[in-house]
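Count residues from 1 along the sequence. Note that the structure is a prediction, hence the values are computed from the model and not measured.
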Amino acid sequence: MSNTSYRTRALTILALFLVPAAACASIVVPAGLSPGDNYHLAFVTSGQRDATSSNIDDYNDFVNDQAGLSGAITKDWGIDWFAIGSTASVDARDNAVVSAPVYLLDGTTQIATGYADMWEGALLHEIDTDQLDANVSAVGIWTGTDEVGRGAAGAPLGSVTAFSTLGLSGYPPTQWLSYFTGMNKLVNFQLYALSEPLTAPPANPIPEPTSLLVWAGLATAGVWVTRRRRRKP
């Protein structure tokens, strides 16, 4: 194997240490959290769809596709998102599971302090921005959900009737999940998205230059040792 090949292998090993740190660095971390604290982020999708599907995975796929759109704050985060919505078989509170405080994508606006606060009927602050950082206050949101996070009676997403339940983004906070139960499910509206649980990183997640040189040296040395062993008779 040529010297160039060995150098390439060493650089590849070094890249394995750098890529995770770079990827995590772009994820919004709310102000005031300590390293190791868990949290969620939430947004309203900029795109719209109907409420005809009774499969919650269709709505989860939709919000993940929205998170990956060009120009989205969330585009390269590589995390999972869940629709805050209910079908006849899955409640919103069980699909978009809240296990920590929830924030908007600005990293400063707290929506809820945790599970109980999220599903008590009113938010600390409305979910009123999308993944493109645009304000979407006072727009209809497909939820199929009652005011405490369960499937709306007779009007979940994919209802057997012609209608499903809309929430209202921004006004008032008490109607964010359940604003109108008689909307035709063929009409297109936006959805709410909640992130998987996230963890605030250490204060200095990216190694200092000296540390990087050490890793590079170790990687190169490992390759050199391998080369020497292969040359032994």
Side-chain angles (χ1 to χ4, degrees), residues 23-24 26-28 38-105 111-112 114-115 118-119 123 126-134 136 139-153 155-160 163-169 176-179 181 183-199:
C24 293
S26 64
I27 299 177
V28 170
N38 293 327
Y39 65 99
H40 298 272
L41 296 170
F43 66 86
V44 175
T45 63
S46 61
Q48 301 179 332
R49 61 155 294 153
D50 58 42
T52 57
S53 177
S54 60
N55 184 349
I56 194 63
D57 287 338
D58 289 338
Y59 302 98
N60 289 335
D61 288 345
F62 176 77
V63 299
N64 277 284
D65 288 345
Q66 289 286 298
L69 290 179
S70 176
I73 298 170
T74 52
K75 181 179 183 300
D76 297 316
W77 289 1
I79 65 175
D80 290 328
W81 297 88
F82 301 89
I84 303 178
S86 303
T87 62
S89 58
V90 180
D91 291 335
R93 59 199 296 165
D94 296 324
N95 183 60
V97 179
V98 175
S99 58
V102 185
Y103 298 82
L104 292 181
L105 296 181
I111 297 166
Y115 180 89
M118 187 78 169
W119 307 118
L123 298 175
E126 54 270 25
I127 306 174
D128 60 358
T129 54
D130 66 20
Q131 79 277 28
L132 305 176
D133 199 30
V136 286
V139 299
I141 311 290
W142 278 130
T143 67
T145 303
D146 67 15
E147 62 276 7
V148 292
R150 297 188 177 91
L157 300 174
S159 170
V160 295
F163 307 104
S164 189
T165 301
L166 277 181
L168 187 66
S169 170
W176 74 282
L177 279 174
S178 183
Y179 172 68
T181 60
M183 180 58 66
N184 189 317
K185 64 185 181 183
L186 295 175
V187 180
N188 290 334
F189 286 102
Q190 288 140 285
L191 272 77
Y192 294 120
L194 180 80
S195 76
E196 63 179 279
L198 303 171
T199 303

Indicate the atoms forming the closest heavy-atom contact of [X] with [Y], along with that distance.
X      : Y      : value
Arg93  : Tyr115 : NE-OH, 2.9 Å
Leu105 : Asp130 : CD1-O, 3.9 Å
Ile127 : Val44  : O-CG2, 3.5 Å
Gly114 : Val98  : C-CG1, 3.6 Å
Met183 : Leu166 : CE-CD1, 3.7 Å

Problem set entry | Heavy-atom side-chain proximity of Pro197 to His40 below 4.5 angstrom |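 SC-SC contact between Pro197 and His40 confirmed.
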For this session: Report yes if the side chains of Ile84 and Met118 come closer than 4.5 Å at any heavy-atom pair, otherwise no.
Result: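 SC-SC contact between Ile84 and Met118 confirmed.
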Please report the interatomic distance [atom1]([X]) to [atom2]([Y]), rounded to the nearest 0.5 Å.
X      : Y      : atom1 : atom2 : value
Ser195 : Asn64  : OG    : CG    : 10.5 Å
Thr74  : Leu132 : OG1   : CG    : 8.0 Å
Trp77  : Ile27  : CH2   : CD1   : 6.5 Å
Leu123 : Asp128 : CG    : CG    : 10.0 Å
Ile73  : Leu41  : CD1   : CG    : 9.5 Å

Exercise. OH of Tyr179: more than 12 outside heavy atoms within 6.0 angstrom?
Worked result: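 Counting neighbours around OH of Tyr179, 12 or fewer heavy atoms of other residues, nucleotides or ligands fall under 6.0 Å, so no.
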For this session: Assess whether atom CG of Asp65 is packed by more than 12 heavy atoms of other residues, nucleotides or ligands within 6.0 Å.
Result: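 Atom CG in Asp65 is packed in, count exceeds 12.
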For this session: Mind jotting down which residue pairs meet the side chain to side chain donor-acceptor pair (under 3.5 Å) criterion with at least one end in residues 139-153? Sequence neighbours excluded, please.
Result: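 Residue pairs passing side chain to side chain donor-acceptor pair (under 3.5 Å), neighbours aside: Ser86-Thr145.
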Partner set under side chain to side chain contact (heavy atoms under 4.5 Å, CB included) for [X], not counting sequence neighbours:
X      : value
Ser53  : Arg49, Asn55, Asp58, Tyr59
Glu196 : Ile79, Asp80, Phe82, Leu198
Ala193 : Phe43, Val63, Trp81
Asn38  : Ala100, Thr199

For this session: Go through the steps for Ile141 and Trp176 under the test side chain to side chain contact (heavy atoms under 4.5 Å, CB included), then give the verdict.
Result: CA-CA 8 Å; Ile141 311 290; Trp176 74 282; over 6 Å; no
Exercise. Can you check whether Ala51's main-chain N or O pairs, donor with acceptor, with Ser164's side chain at less than 3.5 Å?
Worked result: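 Side chain of Ser164 to backbone of Ala51, a donor-acceptor pair under 3.5 Å: no, none is there.
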Exercise. Can any side-chain N or O of Asp91 pair as donor or acceptor with the backbone N or O of Gly151 at less than 3.5 Å?
Worked result: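 Present.
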Who pairs with [X] by side-chain hydrogen bond (donor to acceptor under 3.5 Å, both in side chains), at least two apart in sequence or on another chain?
X      : answer
Asn60  : Asn95
Asp50  : Thr52
Ser46  : Gln66, Gln131
Tyr192 : none

